[in-house]
Amino acid sequence: MAIPVEEAIAALSTFSLEDEQPDVQGLAVLLSSERYATNSPIEYSDVAAYRLSLGEDTKAINQLNTLIKEGKEMTSLLYTYRSCVKALPQLPDSMKHNQADLYLETYQVLDMEMSHLREIQRWQASAASKLAADMQRFSRPERLVNGPTITHFWSMLKLLDVLLQLDHLKNAKASIPNDFSWYKRTFTQVSTQWQDTDTMREELDDLQIFLSTRWAILLNLHAEMFRTNTVEDILQVLIVFCVESLELDFALLFPERHTLLRVLPVLVVLATSSEKESESLYKRVKINRLLNVFKNDPVIPAFPDLHLSPAAILKELSSYFQNFSSQTRLLALQAPHEIQGRELQDYQRHYLILNHMGTIRADHDDFSIRFASAMDQMIRLKSSDGVYNDWSRDIKGNMYDIVVEGFQLLSRWTGRIWEQCAWKFSRPISDSQQNSMTCFDYEKVVRYNYTAEERRALLELIGYIKSIGLMMQHCDTLVSEALWETIHMEVQDFVQDKLDTMLRTTFRKKKDLSRILSDMRTLSADWMASTSKADPEQHSLHQETEEMRQNTFYPRPVAPTAAQIHCLQFLICELVSGGNLRKVGGLFGNSGSGIPVEDLKQLETFFYKLSFFLHILDYTATIGTLTDLGFLWFREFYLESSRVIQFPIECSLPWMLVGHVIESEDAGLLESILIPFDLYNDSAQHALTSLKQRFLYDEIEAEADLCFDLLAQKLNEIIFTYYKSCAASTLLDSSFTYACDDGDKYFVKPLRFDAIFKLRRVMVLGRTIDLRSIITQRMNKIFRENIDFLLERFENGDLCGVVELQQLLDILELTHQSISRFLELDSYSLMLSEMQENLSLVSYSSRISSQIWSEMQTDFLPNFILCNTTQRFVRSAKGTHHSSHRSSASTGKPYFYCGSHDLTMAYQGLAGLYRDFFGVPHMFAVVKLLGSRSLPAIIRALLDHISSKITGLLPKINALQEALPKSIGLLSFDGGIAGCQKIVHEILTWEAKSEVKTEVLHDLKEIGSALYWMSILDIVLRQIDTTQFMQSAPWLGLVPGNDGQVKHAYSDNTPFTTLLSAASNAVTSSPTCPNPSTFLVMSKQAEAASLLYKSNLNSGSVLEYALAFTSAALDRHYSKWSATPKTGFIDITTSKDFYRIFSGLQYSYLEDSINNPSKKQEMLGDSVAWAGCTIMYLLGQQQHFELFDFSYQFLNVAEVESATVSHYQSSERTKSSNFLQGYEGILEAMRKARRLNNHVFSMLRARCPLEDKVACAIKPSGAPLHRMKFMNTVSAFETLPQRVT
């Protein structure tokens, strides 16, 4: 069954097409090529219907408008003209025979360009002739035609402005004469073969004169004006009109004001260049008024990068118009570059936007509030019953007033930008201000001519213009009817009420003036909207009654046409001036008109409103004109003067504004970072529709693409840096910041990126770009690059840098979490695994684990020594046993560290505390970085390293065993300390085995370091397991028992599974549950999670596992290092057991450390004791060592000798002290060694009892198994995880 159309429309109306994207850009590029729709599309052809004898006037207006349109095209052509000669090829000497062909090709290319210049020459002649003819027609003594109207005034002024701009461009473009000289030269070469070239030569000579003569167009216009009769009258009228319009701010749009300012100096020169009545101008316009106008605006915008100066125009034209050269007051005006002192400061305050930002902000805020309030009232009015009353009339009238005010604000603001740019172009920075830098002229007026404050003010004002324009454009359809009704009401109120009153009072007895008023009512009164329904003829002066005088009408959305407005303005001028162009006091001056002041004021107000109506009716085009700021990009004049193809983007004003936002890092400007791209949109629109040059669009497009790519890169860096700084500030120890005097620098100033994150449709040159997607892609790339940089930095350092790596990765992970709240980033763990090359399911290695093991092999185990007291490994101060070669670390981008410089320095300072040792903090970092996946591989590799070292020790130990005597007895107490030392020296005859002894010590040091490293790892893992147990125990129902053991409080299910099961049952029992199976799966998953956590509670000890592995490795060499006593009792004379070798090694390096303190101890540390004691303990030789160790016996002898001497008299105690003199150092070293050995043995007894070994088997996946007990046999080695081959 088909759905009715009404229901479908009603359903569609419920859908919202809006999204959360904020408006951070201005209007999109217009598709219409015609922005000025105020030009009547019917060319005033309906004027004849009103029978006002304006046919000839409107025909002339249409002709002038046609010339203006053509002139603008030629102005665009001349402005965008670029030299062709630079692109012409030069023939080498070997191709001189083709010179004639080259001349012909060059001529054909240049002839196309010169044809445009000949067109301009012919057009300016016809335009000057037409303008002069119009002025002469209205300057005749007898008044035979009606006019000129205000529209005619504007047409004449605009045509004169076009002629002035063409002349100015012709004078400024140096490439045109240069190309013409080449054209003439090639013409001379190729014309020798042609016939009848006299006409072409004459045209060529005329064109040369035209191009080489400065102000040739104005001189031709002057000659045409004064060819037959003088035109002072119309020139003076135009001057008065310009001055009054400027003084009264009559021009609604800034282009009209700039037109008046540009043509006024030319009009003054033309009006005073006549041979007669040269001073009559100052009788109508005082010279002080002209001087004030010129002084108020010493710089006038003409083109995007060209300006005009009234003073410069007057001075230059004085040499071409002799009569004007006597105007000394006008010629005394200063050009912009001549202004100095306090006057310069006044102009700076006037032109620079920075000095007006306070007022501009207040106007923007006030207008935005009032416009929003008016729009709210319009919406309420739309939702009402639509009955017309005074309330609705007031709302629509208020809306009209606010729209007019908005146009005035936009016009004033955009005009300020034009005028500031013109001022900057006229006042480039001096050579002393540019710090001896070589730069283009364009850089002097743009790049280095704007301070940071001025750039901010310009960017802020551009944002205001674009936001107001966008706000007004969005409500176009809502306010259009109100605007039309208000205009209709204004016109009808005037012609039906006010004119009716004037007809009955002021003009009752003035038939000629009454006829004009009746004509005004005839052509514009809407009697259909009047409630009286009377015919116009019935409203005569003699037949009206009191009842008929009260006309009531209802406004309709029917606006007057351009022809009606044109005729009304003409009739008001005729009424006020009576056709007298020489009327003193201006158009509405109260002198000689005979019209009361009150009526004259009403006529003047309505006259000016009529001019506004055309712009209000052309709502969209007016907004497009007032918000068009594309001129800020163009630089054609400076490209030619600098002789370059294009300037770098650093010189481009739009990119300068983007760069200012990036460099300032101002939170208030970040949301305006896309506003400068509206300038590229405007300039591209202007290049295609106004200038009509594809090459300009291509240049704009190339720069916009590059700038947008750079913006996306910079924006990502700003966002990444900010959130990384926030993460680093969050993770920074608060006690550290509180202890710092300047701790505030570690807190990050808040920035807002919410609006930028929501931008999915950014309009750039008609293309829609998803900025959010681009930021997301680049952010993923930055994260990967940062991870890779950190890993590479760690790979170029030693193992002590693992703490810094862990800190930086923690900061990066928190940064990822913060940004992931706004963007759909890739998983951090996925990116980390990808950059670690650890994505395979069967791979247990990674870049970090490989680097850690490589560093342990090549640097840590050979070069670091253990300090058992501090539980730290430190680098040996002596030469390394194995040198590790590292490449120099690359310097990364600043935001790859901690974001801001202060936070980076703080974290580097904290990381520096851990850079010179390896201890428990480093092990925590290792465990966190490797995780349960890669840590077992490191453990297995380290155990294999211990096994290989033990195997490698076998021949070295055998060599040392062979050097010992076959029988070694106990040290005798008879010889005392000295005798014992001598006996030990006789036993330890290892002088020839010094290298072997050194290698054995280093191998033992590596074994001991590896075992102690495993003990630190065991401490860290136990602490982590304890923390996890305390977190999971309440959910698993685990409670402490009376015997200190953990027991289960619940026999069946854990609290976690019980809670989820109850919740799942409650949800699934509800009939409204959409998907019960999902909750059942959740309950099953809870049970699986409980079992998994319970199985992880019985974790084993890594140290016990390492000791069991080492014991199994030693069992293979048990017979060589531990001889079985033949008698079953301890053999006190054997010399082959390992404890004898270690005893001798310990005594040797203790004695060496006393004789040469810096020789051995700093290279070996406490690791040798750990390795030796562990091996002896696992071999069952602890008691043998404690009984027969040389150092221990030495200490026993010393104690006995000291006790014996203590029985003598006190006088003999001095002998005792003298007796021990020289042995204090070695005795103290032996005592320390004994204490260390006792500590190691006690730890080993606690963790690995001799009667059996307890270890925790670890799967290759890293999952721990339950404890397992086994006898200390060789077969025990086979039960441990084997190395994968």
Side-chain angles (χ1 to χ4, degrees), residues 868-869 957 960-961 964-965 967-990 997 1000-1001 1004-1005 1008 1121-1123 1125 1129-1155 1160-1161 1164-1206 1219-1220 1222-1245 1250:
N868 189 75
T869 305
I957 296 296
L960 294 179
Q961 288 174 342
L964 292 177
S967 177
I968 301 176
L970 296 176
L971 297 182
S972 175
F973 287 81
D974 299 336
I977 297 176
C980 290
Q981 188 177 26
K982 182 178 179 181
I983 295 172
V984 172
H985 287 168
E986 291 175 354
I987 295 173
L988 302 178
T989 56
W990 287 342
K997 183 178 68 173
V1000 170
L1001 288 173
L1004 290 175
K1005 182 184 79 72
W1121 286 1
S1122 182
F1129 298 97
I1130 296 177
D1131 189 356
I1132 63 174
T1133 61
T1134 182
S1135 62
K1136 302 301 182 182
D1137 290 352
F1138 177 79
Y1139 76 90
R1140 288 291 192 184
I1141 304 300
F1142 182 74
S1143 177
L1145 292 174
Q1146 180 178 257
Y1147 183 88
S1148 298
Y1149 80 73
L1150 287 177
E1151 190 175 43
D1152 290 341
S1153 65
I1154 297 302
N1155 298 332
K1160 293 290 182 181
Q1161 189 66 19
L1164 300 178
D1166 298 335
S1167 300
V1168 175
W1170 269 87
C1173 293
T1174 301
I1175 293 174
M1176 291 186 295
Y1177 179 81
L1178 296 177
L1179 292 175
Q1181 299 176 3
Q1182 176 188 354
Q1183 295 179 355
H1184 297 68
F1185 176 75
E1186 292 176 346
L1187 289 174
F1188 306 125
D1189 177 57
F1190 298 122
S1191 301
Y1192 288 10
Q1193 295 183 58
F1194 200 90
L1195 288 174
N1196 293 336
V1197 172
E1199 291 175 1
V1200 170
E1201 188 173 358
S1202 177
T1204 303
V1205 175
S1206 64
F1219 171 77
L1220 295 176
Y1223 294 95
E1224 296 87 345
I1226 190 171
L1227 292 174
E1228 183 61 29
M1230 290 178 179
R1231 294 189 186 99
K1232 290 181 179 179
R1234 184 168 61 180
R1235 288 195 296 267
L1236 176 60
N1237 295 338
N1238 293 336
H1239 168 74
V1240 175
F1241 285 133
S1242 63
M1243 189 278 299
L1244 293 173
R1245 284 193 299 269
L1250 283 176

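- Nearest heavy atoms, Gly1008 versus Ala1171: N-CB, 3.3 Å.
- Although no hydrogens or angles enter the test, the distance criterion places a donor-acceptor pair under 3.5 Å between the side chain of Asp1166 and the main chain of Asn868.
- When the side-chain contact (heavy atoms from CB on, under 4.5 Å) test is applied to Glu1199, the partners found at least two apart in sequence or on another chain are Asn1196, Arg1234.
- Smallest separation of non-hydrogen atoms from Arg1140 and Ile968: NH2-O, 3.4 Å.
- In this structure, Leu988 CG and Ile983 CD1 are separated by 12.0 Å, a value rounded to the nearest 0.5 Å.
- By the side chain to side chain donor-acceptor pair (under 3.5 Å) test, Ser1191 is found to be paired with no residue, residues two or more places apart in sequence or in another chain being considered.
- Here the straight-line distance linking atom CG of Asp1137 with atom CD of Gln1181 works out to 5.0 Å at 0.5 Å rounding.
- Applying the side-chain contact (heavy atoms from CB on, under 4.5 Å) test to Ser1143 and every residue at least two apart in sequence or in another chain returns Phe1185, Asp1189, Phe1190.
- Residues satisfying the side chain to side chain donor-acceptor pair (under 3.5 Å) criterion with His1239, sequence neighbours excluded, are absent altogether.
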**Request:** Report the C-alpha distance between Leu1004 and Leu1164 in whole Å, list the side-chain angles of each, state the deciding distance to 0.1 Å, and finish with yes or no for side chain to side chain contact (heavy atoms under 4.5 Å, CB included).
**Result:** CA-CA 9 Å; Leu1004 290 175; Leu1164 300 178; over 6 Å; no
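- In this structure, CG on Leu1195 lies 10.5 Å from SG on Cys980, to the nearest 0.5 angstrom.
- Between Phe1142 and Val1168, the shortest heavy-atom distance links the atoms CE1-O, 3.5 Å.
- Summarising the geometry of Leu1244 relative to Cys1173, their closest heavy-atom pair is CD1-O, 3.8 Å, with the distance given to 0.1 Å.
- Aromatic ring orientation, Tyr1177 versus Phe1241: tilted (interplanar angle from 30° to 60°).
- For Gln1193, the side chain to side chain donor-acceptor pair (under 3.5 Å) criterion is met by no residue, not counting sequence neighbours.
- Taking all atoms of both residues into account, the shortest heavy-atom contact from Asn1237 to Ala1169 is OD1-CB, 3.7 Å.
- When every heavy atom of Ile1226 is checked against every heavy atom of Phe1194, the shortest pair comes out as CG2-CE2, 4.5 Å.
- Looking only at side-chain heavy atoms (C-beta outward), Leu964 and Ile1141 come within less than 4.5 Å of each other.
- The side-chain contact (heavy atoms from CB on, under 4.5 Å) search around Arg1235 returns Glu1228, Arg1231, Lys1232, not counting sequence neighbours.
- Side chains of Leu1001 and Lys1005 form no contact here, defined as non-hydrogen atoms less than 4.5 Å apart.
- The OH atom of Tyr1139 lies 16.0 Å from the CD1 atom of Ile1175; values are rounded to the nearest 0.5 Å.
- If you run side-chain hydrogen bond (donor to acceptor under 3.5 Å, both in side chains) between Glu1186 and each of Gln1182, Gln1183, His1184, only Gln1182 comes through.
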**Item:** side chain to side chain contact (heavy atoms under 4.5 Å, CB included) between Trp1121 and Ile957, worked out
**Value:** CA-CA 8 Å; Trp1121 286 1; Ile957 296 296; 3.7 Å; yes
